[in-house]
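Quick caveat, the model's predicted, so the values are computed rather than measured. All values below were derived from every heavy atom in this structure, side-chain atoms included, with hydrogens, water molecules and symmetry-related copies excluded.
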Amino acid sequence: MLARWMITLFLNAIALIAVAQIFESFYIEGFGTALLASIILGILNVLVKPFLILLTLPITIMTLGLFLIVINAITLMMTQSLFGPAFAIDGFGMAILAAILISVINMLLNSLIKDSLK
């Protein structure tokens, strides 16, 4: 269980670095910062995200779950606000785009790891 969590954190850090390489308006200082951001993002996803989902449940249902992307962007912005200049996202639109791309990259990386562990 702990090994799976560590692999997930590592893959999330890789996704953050990949997004930073693609977009100039998404900056992360290095892999150590990405790993720490991945840990903080994981903690926020456990503690804050369920509250945000519950708070925005009507709009999430009306948008057939697409509003969850906005919630992911909010947790990403909360994470970057804790870092200062080491992790910066220029605007909420970039956070939404980054949240989508991070989700897609994580899905691809997790499927690759899942297939190789079989």
**Q** Can you tell which of N45, L41, V46, L47 makes a side chain to side chain contact (heavy atoms under 4.5 Å, CB included) with I43?
**A** L47
**Q** Just how far is it from atom OG1 of T56 to atom CD1 of I61, taken to the nearest 0.5 Å?
**A** 9.5 Å
**Q** If hydrophobic clusters are built from ILVMFWY residues whose side chains come within less than 4.5 Å, do I59 and L66 share one?
**A** yes
**Q** Establish, from distance only, whether the side-chain atoms of S25 and D90 form a donor-acceptor pair under 3.5 Å.
**A**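 Short answer, no.
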**Q** Looking at every non-hydrogen atom in both residues, tell me the closest pair between Q80 and I89 and how far apart they are.
**A** OE1-N, 3.4 Å
**Q** Under a 4.5 Å side-chain heavy-atom rule over Ile, Leu, Val, Met, Phe, Trp and Tyr, are I22 and I102 clustered together?
**A** yes
**Q** Could you pull out the closest heavy-atom pair between I28 and A37, with the gap in Å?
**A**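 Shortest heavy-atom contact: CD1-CB, 4.3 Å.
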**Q** Sort out for me which residue in N110, L112, L108 forms a side chain to side chain contact (heavy atoms under 4.5 Å, CB included) with L11.
**A**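 For L11, the side chain to side chain contact (heavy atoms under 4.5 Å, CB included) check succeeds only for N110.
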**Q** Determine whether I71 and M107 fall in the same hydrophobic cluster, where Ile, Leu, Val, Met, Phe, Trp and Tyr are linked whenever their side-chain heavy atoms lie under 4.5 Å apart.
**A**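 Different clusters.
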**Q** Measure the CG-CZ distance between L54 and F51 for me, rounded to the nearest 0.5 Å.
**A**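 Result: 7.5 Å between the selected atoms.
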**Q** Taking atom NZ of K49 and atom CG of L68, what is their separation to the nearest 0.5 Å?
**A**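 Atom-to-atom, K49:NZ and L68:CG are 6.5 Å apart.
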**Q** Could you walk me through whether F26 and L76 pass side-chain contact (heavy atoms from CB on, under 4.5 Å), step by step?
**A** CA-CA 11 Å; F26 188 95; L76 198 56; 4.1 Å; yes
**Q** Looking at every non-hydrogen atom in both residues, tell me the closest pair between S103 and A99 and how far apart they are.
**A** OG-O, 2.9 Å
**Q** Are V48 and L57 connected, step by step, through hydrophobic side chains (Ile, Leu, Val, Met, Phe, Trp, Tyr) whose heavy atoms are closer than 4.5 Å?
**A** no
**Q** Tell me, with the steps shown, if F87 and L36 meet side-chain contact (heavy atoms from CB on, under 4.5 Å).
**A** CA-CA 10 Å; F87 179 28; L36 188 58; over 6 Å; no
**Q** Going hydrophobic residue to hydrophobic residue with side-chain gaps under 4.5 angstrom, can you get from L82 over to L16?
**A**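 Cluster IDs for L82 and L16 match.
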**Q** So does T75 get a backbone contact from the side chain of T79, meaning a donor-acceptor N/O pair under 3.5 Å?
**A** yes
**Q** Mind listing the closest non-hydrogen atom pair of M77 and G91 along with its distance?
**A**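 So the two residues come closest at SD-O, 4.1 Å.
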**Q** Does T60 reach the main-chain N or O of F67 with its side chain, forming a donor-acceptor pair under 3.5 Å?
**A**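 Answer holds: no.
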**Q** For I100, check side-chain contact (heavy atoms from CB on, under 4.5 Å) against everything at least two apart and list the hits.
**A** I69, I96
**Q** In Å, rounded to the nearest 0.5 Å, how long is the span from CZ of F10 to CG of L109?
**A**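 These two atoms lie 9.5 Å from each other.
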**Q** Nearest 0.5 Å, please: how far is CD1 in I14 from CG in L35?
**A** 9.5 Å
